[in-house]
Amino acid sequence: MPKPLVQPVGSEPIYTRFWNGFKQFPKGLHVGSSAPPTVSGPAAAALISGGVGAVAMLITHHFAELSKPNNQIVIKMGSWIPGAMNSDPMWGNLENYAGKEMMFFIGWWISWAVLHQVLKHRQVKPRTLLIWLLGLFTLATAMAWHPLFPWLSLM
């Protein structure tokens with residue numbers, strides 16, 4: 001009777017070891033942490049604040065598109081970022097993009113701080129979190145889709 005072909009442990013290719021480990025992934029999750037979180041509020045605050053930052057960035061985008069003075073304000077907000085203002089035509093200029101990203105950061109950071117304080121001892125239902133995430137990111141996506149706002153400057 002022939003012997004079965006069994007390779008010694010560690011002699012398999014790395015992708016085989018990775019895949020075998022990956023197949024065992026969920027089994028370790030049931031053990032959990034020695035001190036699992038009891039509330040989901042801080043995590044919900046972190047996720048929702050990303051949506052608030054995205055909406056703040058798109059509001060700033062439309063604010064900058066309304067007029068030249070508004071655009072100059074947005075340009076100055078991000079002018080401190082290295083590379084935002086470059087006079088060399090080869091490297092280009094970020095112009096108001098740096099200011100829009102700065103407003104994303106400010107909106108994200110402030111909303112995270114406020115939401116964290118409000119939700120830090122609360123249990124947030126997954127349905128509530130999903131509704132807020134879908135609502136904020138849908139709003140931000142709709143605001144970025146310019147065919148929906150062709151007459152914004154007329155308002």
Side-chain angles (χ1 to χ4, degrees), residues 9 12 14-86 91-155:
V9 176
E12 302 105 12
I14 192 162
Y15 55 85
T16 304
R17 285 184 276 160
F18 172 76
W19 181 248
N20 288 335
F22 185 72
K23 289 191 296 186
Q24 302 299 318
F25 169 67
K27 290 184 181 176
L29 292 180
H30 76 280
V31 175
S33 171
S34 61
T38 57
V39 294
S40 62
L47 292 170
I48 293 171
S49 64
V52 172
V55 170
M57 180 179 71
L58 270 300
I59 289 171
T60 305
H61 168 72
H62 290 297
F63 175 75
E65 296 296 320
L66 285 175
S67 67
K68 217 168 205 15
N70 292 348
N71 194 25
Q72 292 302 317
I73 293 169
V74 175
I75 288 172
K76 287 184 181 174
M77 281 178 12
S79 64
W80 67 271
I81 297 174
M85 303 302 289
N86 195 346
W91 297 106
N93 194 350
L94 289 177
E95 291 186 357
N96 64 8
Y97 182 72
K100 293 172 191 177
E101 291 300 314
M102 190 64 208
M103 279 307 295
F104 176 88
F105 177 74
I106 291 169
W108 164 73
W109 192 82
I110 290 174
S111 66
W112 193 355
V114 170
L115 286 171
H116 179 77
Q117 290 303 316
V118 170
L119 300 174
K120 69 180 172 184
H121 298 297
R122 294 188 181 182
Q123 185 69 23
V124 177
K125 294 179 183 175
R127 181 179 177 172
T128 304
L129 177 62
L130 183 64
I131 289 171
W132 274 99
L133 287 175
L134 285 175
L136 287 169
F137 283 109
T138 300
L139 177 63
T141 302
M143 290 176 74
W145 192 34
H146 295 289
L148 293 179
F149 297 96
W151 300 284
L152 182 67
S153 60
L154 298 176
M155 292 181 185

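Keep in mind that the numbers below use all heavy atoms, side chains included, and drop hydrogens, waters and symmetry copies. Only a predicted model underlies this, so the values are computations on that prediction, with no experimental measurement involved.
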Within the side chain of T138, is there an N or O that forms a donor-acceptor pair under 3.5 Å with the backbone of G135?
-> no
Check whether any side-chain N or O of S40 sits under 3.5 Å from a backbone N or O of V124 as a donor-acceptor pair, and report yes or no.
->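 Confirmed, S40 side chain pairs with V124 backbone.
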Gap separating the [atom1] atom of [X] from the [atom2] atom of [Y], nearest 0.5 angstrom:
X	Y	atom1	atom2	result
L133	T128	CG	OG1	11.0 Å
M77	Q72	CE	CD	12.5 Å
Y15	F18	OH	CZ	14.0 Å
N70	I75	CG	CD1	11.0 Å
W112	L47	CH2	CG	9.0 Å
L58	K100	CG	NZ	9.0 Å

Could you tell me which non-hydrogen atom of [X] sits nearest to which non-hydrogen atom of [Y], and how far apart they are?
X	Y	result
G78	A98	O-CB, 3.4 Å
V74	A64	CG2-CB, 3.7 Å
S49	A46	OG-O, 2.9 Å
A54	A140	CB-CB, 3.9 Å

Can you check side-chain contact (heavy atoms from CB on, under 4.5 Å) on H61 and M143, steps first, answer last?
-> CA-CA 9 Å; H61 168 72; M143 290 176 74; over 6 Å; no
Counterpart residues, side chain to side chain donor-acceptor pair (under 3.5 Å), relative to K120 (two or more places apart) | Q117
Is there side-chain contact between M103 and F63, with heavy atoms separated by less than 4.5 Å?
-> no
